[in-house]
**Q** 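What follows is a single structure, and I will ask about it in a moment.
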Amino acid sequence: MRPPVLLVVAHGSRDPRHAATVHALLRRVRSLRPGLRVETGFLDFNAPSVTRVLERLAAEAADGITDVVALPLLLTRAFHAKSDIPAVLADASARLPGLRIRQAEVLGPDPLLLAAVDRRLREAGVREADKRSTGLVLASAGSTDPEAIAVIADMARELRHTGWCSVRPAFASAIVPGGIPRTGDAVRLLRAEGCARVAVAPFVIAPGRLPDRIAEGARDADVLADVLGPAPELARLLLDRYDEAALRTSAEAVRLRFAGATGVPAAGGVTGLRIGVPA
C-alpha cells in the first residue's frame, strides 16, 4: 500500500518570492524523505490551486493514489486553518469519492520552530554571548484569532528562558487594542526597558507584503533576521506533522476494517476517514 501523498497547502502571494521560498522548502522536505510524494497547492494568487492538485491526484487512482495528507503551511491555527482550508478539502472530498483526505495540524507551536528562529538569528550575526544585552522582537504577520495570539505570546515566553535580555511578541498587522504591538513599537519598548541592542526575528515562513512590513518596523533595530524559509528545522517539522496525520489515517482504516468484519459501526463512520479535520 502506497503511503499518503503529502499535499502542502500554502497561502500564496502576488510576491514571487513567496512561491519560490515555498518550493525551496519542499525541495528540502523531499531530500529528507526521498520516497515520499510531495505536492504543493495554493489557496490564492499562485498555481496550482489546492483543488487542481487534488483533482489530478484523484485521476491517478489507477496508480494507487488513494490517500492524501493536506498539511497547512501555517504557523498558527487561525482563519485559514479553521475555515478556508477545511472548506476546500470538504468540497474536494465530496466531488472526488476515490480520494481520502486528512488535514494535518498546523506547524505551531513546536520546539523546532524556536530552533529555526534561533538559526536565523545566528545567521544574522547574533552570538550566544550577545543575548544578555539584546532584546528580541518575535514578529509575526498578525491575527485577531485568540488561539493564534496565545501561541505567539507563549513562544515569546519560551524564548525569554533562553538567555535574552527581554523578548516581546509583535504583529505586522491585525492589532488588537491593548494587545500585541506592531514591530516598530516593540523595538522602542525594548529600548525603553534598557536593552543595549535589539534584534527582530520574523516569525513568518516566506517573504511577502506582511514580512516587508516587519522589515520596515525593524529599521531602528540592530539586527533583522531572515524569514524561516527552507530552514532544516521547518522541513523536519513538516514531516512530523505528516507522520502524525498519516498515523491517524492508518489507525482509522484499521478500525473501519475491524468494524466491517464484526458488523459493529466504527466511531465516526467512513466520513471521518475521508475528510478529517483537527478539532
Side-chain angles (χ1 to χ4, degrees), residues 11 13-15 17-18 21 74-80 107-229 231 233-234:
H11 184 276
S13 171
R14 292 187 178 91
D15 189 323
R17 296 174 298 169
H18 175 90
T21 301
L74 301 170
L75 298 174
T76 60
R77 287 192 73 237
F79 179 77
H80 293 303
L107 301 178
D110 195 275
L112 283 171
L113 290 176
L114 296 178
V117 168
D118 186 68
R119 171 186 292 275
R120 293 299 185 232
L121 286 162
R122 284 187 281 107
E123 291 171 348
V126 178
R127 301 170 302 171
E128 191 66 29
D130 297 330
K131 289 184 176 181
R132 292 190 300 273
S133 59
T134 303
L136 176 64
V137 177
L138 183 68
S140 72
S143 176
T144 56
D145 185 284
E147 184 178 352
I149 292 171
V151 167
I152 301 301
D154 286 346
M155 294 195 70
R157 280 192 288 270
E158 289 294 323
L159 283 166
R160 287 192 190 105
H161 300 307
T162 61
W164 296 95
C165 170
S166 182
V167 180
R168 282 189 175 269
F171 281 166
S173 68
I175 303 303
V176 178
I180 292 177
R182 293 188 187 275
T183 307
D185 294 330
V187 171
R188 287 185 284 275
L189 287 168
L190 289 172
R191 297 276 192 213
E193 289 177 15
C195 297
R197 302 171 74 242
V198 176
V200 175
F203 190 60
V204 293
I205 293 173
R209 179 173 55 87
L210 293 178
D212 283 349
R213 285 189 189 175
I214 291 173
E216 183 179 349
R219 284 179 300 180
D220 295 331
D222 300 285
V223 176
L224 172 62
D226 200 357
V227 298
L228 300 180
E233 295 84 1
L234 198 60

**Q** When rounded to the nearest 0.5 angstrom, what distance separates SG in Cys165 from CZ in Arg197?
**A**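 Output value for this atom pair is 11.5 Å.
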
**Q** Taking all non-hydrogen atoms of both residues, which atom of Ala78 and which atom of Ser143 are closest, and how far apart?
**A**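 Minimum heavy-atom separation between Ala78 and Ser143: CB-OG, 3.7 Å.
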
**Q** Less than 4.5 Å apart, side chain to side chain, heavy atoms only: is that true for Phe171 and Ser140?
**A**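 Touching, per the 4.5 Å side-chain cut-off.
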
**Q** Roughly how far, to the nearest 0.5 Å, is OG1 of Thr162 from CD of Glu128?
**A**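 Answer rounded to 0.5 Å: 7.5 Å.
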
**Q** In Å, rounded to the nearest 0.5 Å, how long is the span from CD1 of Ile152 to CZ of Arg157?
**A**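 The CD1 atom of Ile152 sits 11.5 Å away from the CZ atom of Arg157.
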
**Q** Compare every heavy atom of Leu113 with every heavy atom of Leu107, then report the nearest pair and how far apart it is.
**A**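 Of all heavy-atom pairs spanning Leu107 and Leu113, the closest is O-CD1, 3.8 Å.
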
**Q** Are the side chain of Arg120 and the backbone N or O of Leu228 linked by a donor-acceptor pair below 3.5 Å?
**A**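 Pair found, side chain donor or acceptor close to backbone of Leu228.
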
**Q** What distance separates Arg160 CZ from Ser166 OG, expressed to the nearest 0.5 Å?
**A**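 So the CZ of Arg160 and the OG of Ser166 are separated by 6.0 Å.
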
**Q** Which atom pair, heavy atoms only, marks the closest approach of Val227 to Pro211?
**A**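 Heavy atoms of Val227 and Pro211 come nearest at CG1-CB, 4.4 Å.
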
**Q** Would you mind telling me which of Leu190, Asp185, Val167 makes a side-chain contact (heavy atoms from CB on, under 4.5 Å) with Val137?
**A**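 That would be Leu190.
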
**Q** Quick one: CG on Asp226 to CG on Leu121, what's the gap to the nearest 0.5 Å?
**A**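 Asp226 atom CG to Leu121 atom CG measures 10.5 Å (nearest 0.5 Å).
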
**Q** In this structure, which one of Leu189, Leu136, Val187, Leu224 forms a side-chain contact (heavy atoms from CB on, under 4.5 Å) with Val198?
**A**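 Checked Leu189, Leu136, Val187, Leu224 against Val198; only one passes side-chain contact (heavy atoms from CB on, under 4.5 Å): Val187.
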
**Q** Looking only at non-hydrogen atoms, find the nearest pair between Met155 and Asp110 and report the distance.
**A**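 Of all heavy-atom pairs spanning Met155 and Asp110, the closest is CE-O, 4.1 Å.
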
**Q** Show, in sequence, the C-alpha distance, side-chain angles and deciding distance for Arg127 and Asp130, and conclude whether the salt bridge (charged side-chain N to carboxylate O under 4.0 Å, His left out) test is met.
**A** CA-CA 5 Å; Arg127 301 170 302 171; Asp130 297 330; 3.0 Å; yes

**Q** Counting N and O atoms only, with roles assigned by atom type, does the side chain of Arg191 sit under 3.5 Å from a partner on the main chain of Asp220, one being a donor and the other an acceptor?
**A**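 Side chain of Arg191 to backbone of Asp220: a pair is present.
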
**Q** Looking at every non-hydrogen atom in both residues, tell me the closest pair between Arg213 and Ser173 and how far apart they are.
**A**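 In terms of heavy atoms, the two residues are closest at NH1-CB, 3.6 Å.
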
**Q** Side chains of residues 201-209: which donor-acceptor partners sit under 3.5 Å, not counting sequence neighbours?
**A**
none

**Q** What pairs with Arg122 under side chain to side chain donor-acceptor pair (under 3.5 Å), at least two apart in sequence or on another chain?
**A**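 Counting only residues at least two positions away or on another chain, Arg122 forms a side chain to side chain donor-acceptor pair (under 3.5 Å) with Asp118.
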
**Q** Are Val117 and Leu138 close enough that some pair of their side-chain heavy atoms sits under 4.5 Å apart?
**A**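 The answer is yes; the side chains approach within 4.5 Å.
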
**Q** Working to the nearest 0.5 Å, report the span between CZ of Arg119 and CG of Leu234.
**A**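 Rounded to the nearest 0.5 Å, the CZ-CG separation comes to 11.0 Å.
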
**Q** Locate the shortest heavy-atom distance separating Ala170 from Ala186; write the atom from each residue and the value.
**A**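 Smallest interatomic distance, heavy atoms only, reads CB-CB, 3.9 Å.
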
